[in-house]
Trainee: 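Before I ask anything, here is the structure I am working with.
The residues of the chain are indexed from 1 along the displayed sequence.
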Amino acid sequence: MTGPFRTGERVLLVDAKQRRYLVRLTQGGEFHSHAGVTAHDDLIGREEGITVRSSSGARYTAMRPTLADFVLKMPRGAQVIYPKDLGPLLMLADIHGGIRVLEAGVGSGALSMTMLRMGASVVGYELRPDFAARAVENVRSFLGDQMDFRVEERDVYEGIDETDLDRVVLDLAEPWRVVKHAESALHPGGMLAAYLPTIGQVVHLREALDHSAFAMAETIEVLQRSWHIEGQSVRPDHRMVAHTGFLTAARLLGDPVP
């Protein structure tokens with residue numbers, strides 16, 4: 001979206017200490033913080049990048065949120081996959097426009113909207129109705145109503161109805177229980193990908209993949225280190241985003257040649 005800020009859209013407010021606040025603009029609305037009150041009407045109709053002041057004189061720079069901004073600040077029920085893992089997961093699972101994806105463990109919708117933004121068609125399986133509703137609302141809030149996305153309240157451990165899928169992407173506790181279902185749901189050459197927080201879970205998954213029709217399995221971990229650069233003071237920041245999860249992907253083989 002471009003042009004002036006509009007009523008109803010979400011705006012990111014960034015203060016002098018780089019703290020970020022996600023606000024939905026309403027006519028007559030106000031953003032309240034420790035630094036006073038900022039009127040939404042000061043933003044509506046203004047161009048992105050404008051700086052406004054609160055009632056106490058604090059400065060906020062207003063801009064449209066990136067996908068990473070939205071993922072970190074959006075309403076959530078379940079823990080989300082963080083931006084540092086979302087990008088590598090797209091590459092590892094080769095997510096691109098025109099493919100059909102079954103995602104299980106939709107949670108708050110962070111991975112869903114990332115794949116949808118790449119042009120994929122996504123069907124989600126989610127056990128908890130509150131998580132399913134939250135994911136759908138977050139996707140609509142950031143991407144609009146035109147995305148090829150639906151969520152079914154069901155247990156992927158019991159099976160997958162979709163067939164001839166391009167990808168099966170899993171963010172749940174026991175993905176090894178889905179391997180056999182994924183073999184039937186994917187076409188040859190399709191891929192299974194999973195996000196897991198512990199290496200013990202990864203081992204269980206890799207063992208299941210080793211005894212399946214999947215091959216070329218790989219597991220990676222992404223560590224993110226930012227740098228402090230200010231004049232001649234150049235060094236790694238004292239803190240880094242280290243372990244958040246492990247990413248695993250494998251490809252489904254076709255029938256062997258006799």
Side-chain angles (χ1 to χ4, degrees), residues 67-68 71 78-126 135 138-139 142-143 147-152 156-157 160-199 201-210 212-224 243-254:
L67 177 57
V71 164
Q79 180 68 31
V80 300
I81 299 178
Y82 283 96
K84 82 173 184 69
D85 294 315
L86 289 172
L89 186 54
L90 291 181
M91 294 297 292
L92 194 65
D94 193 31
I95 303 297
H96 57 84
I99 65 171
R100 297 175 60 238
V101 181
L102 184 284
E103 179 191 3
V106 173
S108 298
L111 180 55
S112 303
M113 67 181 68
T114 304
M115 295 190 293
L116 288 164
R117 207 182 197 198
M118 293 298 294
S121 169
V122 180
V123 176
Y125 285 9
E126 174 56 59
N138 282 336
V139 167
F142 191 75
L143 298 177
M147 294 293 104
D148 189 358
F149 179 58
R150 78 174 192 274
V151 180
E152 299 182 10
V156 73
Y157 294 148
I160 298 173
D161 285 345
E162 282 67 29
T163 58
D164 199 33
L165 290 168
D166 298 292
R167 304 288 184 269
V168 171
V169 181
L170 308 172
D171 179 14
L172 34 74
E174 299 177 327
W176 50 90
R177 295 173 57 187
V178 186
V179 169
K180 290 301 180 184
H181 302 320
E183 285 180 334
S184 301
L186 288 162
H187 60 67
M191 299 183 69
L192 178 147
Y195 175 86
L196 288 165
T198 74
I199 195 61
Q201 291 169 298
V202 174
V203 170
H204 280 298
L205 174 58
R206 292 294 297 266
E207 288 175 347
L209 292 171
D210 286 345
S212 74
F214 287 94
M216 302 171 65
E218 59 179 317
T219 297
I220 66 170
E221 179 186 23
V222 179
L223 309 179
Q224 178 177 302
H243 174 76
T244 48
F246 298 99
L247 313 179
T248 298
R251 302 197 71 168
L252 183 66
L253 300 182

Trainee: Working to the nearest 0.5 Å, report the span between CG of L209 and CE of M216.
Mentor: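 Here the rounded value is 13.0 Å.
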Trainee: Counting N and O atoms only, with roles assigned by atom type, does the side chain of E126 sit under 3.5 Å from a partner on the main chain of G107, one being a donor and the other an acceptor?
Mentor: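 Yes; judged by distance alone, with no hydrogens or angles, the pair exists.
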Trainee: Keeping R100 on the side-chain end and V123 on the backbone end, is there a donor-acceptor pair under 3.5 Å?
Mentor: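 The answer is no, because no donor-acceptor pair under 3.5 Å joins these two groups.
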Trainee: With side chains defined as the heavy atoms from C-beta onward, is the minimum distance between M113 and N138 less than 4.5 Å?
Mentor: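 Result yes, sub-4.5 Å side-chain heavy-atom pair found.
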Trainee: Give the table of side-chain donor-acceptor pairs shorter than 3.5 Å for residues 182-195, with sequence neighbours excluded, one pair per line with atom names and distance.
Mentor:
unit_1: E183; atom_1: OE2; unit_2: A213; atom_2: N; d: 2.6
unit_1: H187; atom_1: NE2; unit_2: D166; atom_2: OD1; d: 2.7
unit_1: Y195; atom_1: OH; unit_2: T244; atom_2: O; d: 3.0

Trainee: Would you say V179 and L205 make side-chain contact, with heavy atoms under 4.5 Å?
Mentor: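 They are in side-chain contact.
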Trainee: Is it the case that the side chain of S212 and the backbone of F214 share a donor-acceptor pair, with hydrogens and angles ignored and the cut-off at 3.5 Å?
Mentor: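 The answer is yes, because a donor-acceptor pair under 3.5 Å joins these two groups.
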Trainee: Can you tell me how far the CG atom of D171 sits from the CG atom of D85, to the nearest 0.5 Å?
Mentor: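 Interatomic distance, D171 CG to D85 CG, rounded to 0.5 Å: 10.0 Å.
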Trainee: Tell me the closest heavy-atom pair linking D148 and S121, and the distance in Å.
Mentor: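 Taking D148 first and S121 second, the nearest heavy atoms are OD2-OG, 2.8 Å.
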Trainee: Give the intermediate values and the outcome of side-chain contact (heavy atoms from CB on, under 4.5 Å) for residues I160 and V178.
Mentor: CA-CA 9 Å; I160 298 173; V178 186; 4.2 Å; yes
Trainee: Is the closest side-chain heavy-atom distance between M115 and F149 below 4.5 Å?
Mentor: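 No, their side chains stay 4.5 Å or more apart.
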Trainee: What are the two closest non-hydrogen atoms of L172 and Y157, and how far apart are they?
Mentor: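 Heavy-atom minimum between the residues: CD1-OH, 3.8 Å.
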Trainee: Can you check whether D161 reaches Y125 side chain to side chain, under 4.5 Å on heavy atoms?
Mentor: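 In short, these two side chains touch, coming nearer than 4.5 Å.
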Trainee: Looking only at heavy atoms, which two atoms of E162 and L102 are closest? And how far apart?
Mentor: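 That closest heavy-atom pairing would be OE1-CD2, 4.1 Å.
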Trainee: Please check: side-chain N/O of R167 versus main-chain N/O of D94, any donor-acceptor pairing under 3.5 Å?
Mentor: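 Yes.
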Trainee: May I ask you to check whether E174 and H204 show a side-chain donor-acceptor distance below 3.5 Å?
Mentor: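 Side-chain D/A pair, E174 to H204: absent.
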Trainee: When you measure from the side chain of H96 to the backbone of L90, do you find a donor-acceptor pair of N or O atoms at a distance under 3.5 Å?
Mentor: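 Answer holds: no.
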Trainee: Under 4.5 Å between any side-chain heavy atoms of T114 and L67, yes or no?
Mentor: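 Yes; the side chains approach each other to less than 4.5 Å.
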Trainee: Could you give the distance from CD1 (I220) to CG (L247), rounded to the nearest 0.5 Å?
Mentor: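 Rounded to the nearest 0.5 Å, the CD1-CG separation comes out at 5.0 Å.
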Trainee: Below 4.5 Å, heavy atoms only, C-beta onward: do V122 and V106 meet side chain to side chain?
Mentor: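 Heavy-atom side-chain distance check fails, nothing below 4.5 Å.
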Trainee: Please round to the nearest 0.5 Å and tell me the distance separating atom CE of M147 and atom CZ of F142.
Mentor: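 These two atoms lie 11.0 Å from each other.
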Trainee: Within this structure, what is the CD1-CZ distance for the pair I95 and R117, rounded to the nearest 0.5 Å?
Mentor: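 With rounding to 0.5 Å, CD1 (I95) is 16.0 Å from CZ (R117).
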Trainee: For A208 versus W176, what's the shortest heavy-atom pair and its separation?
Mentor: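 Where A208 meets W176 most closely, the heavy atoms are CB-CB, 3.7 Å.
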Trainee: Which value, rounded to the nearest 0.5 Å, describes the distance between L86 atom CG and M118 atom CE?
Mentor: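 Rounded to the nearest 0.5 Å, the CG-CE separation comes to 12.0 Å.
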